[in-house]
Amino acid sequence: MAPLQPGNRKREAPAPQEAAAGSSSPRSAAVDADGPQPPKKPRRMVVQRSLVNYLKGREVGARGGAGFPGFDSELRGFAVRKLPELLRERELPLGTVDKVFASQWLSARQVVCGTKCNTLFVMDVQSGHITRIPLMRDRRPPPARAQPGCGIHAIQLNPSKTLLATGGENPNSLAIYRLPTLDPLCLGDRHGHKDWIFSLAWMSDTVVASGSRDGSVGIWKIDPDVFRSTSACYNDAGIPVYAHIRPAEVEDVPRAGTNPGNCKVRALAFSARRQELGAVTLDGYFHLWKARNTLSRMLSIRLPYCRENVCLTYCDDVSLYAVGSQSHVSFLDLRQGHQSVRHLCSREGGTGVRSLSFYEHIITVGTGHGSLLFYDIRAQKFLEEKILVSPYSSPQPTGRRFRLICGRGWLSQDDVQMNYFGPLGELPNALYTHCYNWPEMKLFVAGGPLPSGLRGNYAGLWS
């Protein structure tokens, strides 16, 4: 496959610093009839303390300088809190693909997505152009009685953004692609999972964890010599050739006595700072392993809300795991000697929390009712709507939660579906995935109708 060309955004170099007007060297001191004058004090560098200059500095990649760490942190936090109310939606047409389950930014204008209908594609969010990526096939064909695939539920980039992990044509298999070309590198189809892969988490540049519906976590190690080579392999017919690999380790998740058949790994999250791997299972448990050379189980916790625990994220800055369930977000603080679980209600009519992400102290919540909510960990409350009561005063909070309502997307009007579900005109989309491009201050959101029997999709760029 030819390399995907990311958009080349013109960047202006920061203006050179003005030289100091004075110098403390004795030779530079002015001399007059009355003798040498004291040296002039160096001119203080002017620092622009405004949100506009801060964001401009991010845009042009400004680095170095004296800086004010405390002020920069405070200003960055203010920008994160302010951004949601500045975002505006532009819907992106996806054709007739069914439900986008996973997404990641590849560049300033490219997003890679995976769907329920087992389609992997790259979208240019500026032009709307879509490029489909061929899926890797197992060495052996699937059994004749194999159940239909669930699609692509996970896409993750390694820390250096040189590899992409996702599912193969067989959703039980792990596929690894090179970046930025998206040439196939290897496929984990040997002695791996026996059921669908629901989640992925990179633990280093060459080690990735996979969580499966078969109730196990797999650890896959990619040979560094393989992906450091700059060229892909092709056979005589010009078809890409990739390696077939097996996991270095497969760990079965502990099964609860009350519901051992529902121990399906639904989501993973890795803490690089603490070298810990967390997992959420559909039987309502959170599991934690120390992840060094091998997985060493640390604990298992029964979650207070155990219905439809389908998403998990971790924030190193505040040392918190967040689990999304049918109507709540549970926060787990599991530092040494300290275990606490707090929760908040999403109040979205039981449609559930479908996607979560942390940035700084703000957690973004994608719901099954077509809306995005924003929760401030420090203030321990959702961001609120504001109203301008007077042209001479600043906007005042209304006490209502601030939310972004996503568009209608595309919905198949199949006669069978229409008869079963009734009028579909106002059916909201579940937001199964969202991802931020913080340098560009953009948010990509995607999903589709919540009922599994309905076929449709939604994608939007908020900027």
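Only heavy atoms go into these numbers, but all of them, side chains included; no hydrogens, no water, no symmetry mates. Values in this document were obtained by computation on a predicted structure and should not be read as measured data.
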* Asked: Will you find, in the side chains of Y375 and T364, an N or O donor that is under 3.5 Å from an N or O acceptor?
  -> no
* Does NZ or CZ of R297 lie under 6.0 Å from the centre of the six-membered ring of W289, at an angle within 45° of the ring axis? -> no
* Take K194 and D214, measure what salt bridge (charged side-chain N to carboxylate O under 4.0 Å, His left out) needs, and give me the verdict at the end. => CA-CA 6 Å; K194 299 178 178 63; D214 65 6; 5.7 Å; no
* Are more than 12 heavy atoms from other residues, nucleotides or ligands located less than 6.0 Å from atom CZ of R307? -> no
* Partners of R137 by salt bridge (charged side-chain N to carboxylate O under 4.0 Å, His left out), sequence neighbours excluded? -> E169
* Tell me, please, which residues at least two apart from E85 pass salt bridge (charged side-chain N to carboxylate O under 4.0 Å, His left out). => K82
* To do: Sorted by first residue and then second, give each ring-ring contact (aromatic ring centres under 6.0 Å, His included) pair with at least one member in residues 96-125; sequence neighbours left out.
  => F101-H153, F101-Y432
* Structure fact -> residues 305-324 vs ring-ring contact (aromatic ring centres under 6.0 Å, His included), sequence neighbours excluded, gives F286-Y321, Y305-H328, Y305-H343, Y314-Y321
* Structure fact -> From the list L187, V208, T166, side chain to side chain contact (heavy atoms under 4.5 Å, CB included) with L174 holds only for V208
* Structure fact -> side-chain hydrogen bond (donor to acceptor under 3.5 Å, both in side chains) filter on S210, not counting sequence neighbours, yields H193, W220
* Run the ring-centre check on Y359 versus W438 and record whether the distance is less than 6.0 Å. => yes
* Asked: Restricting to pairs with a member in residues 286-295, which pass salt bridge (charged side-chain N to carboxylate O under 4.0 Å, His left out), not counting sequence neighbours?
  -> E276-K290
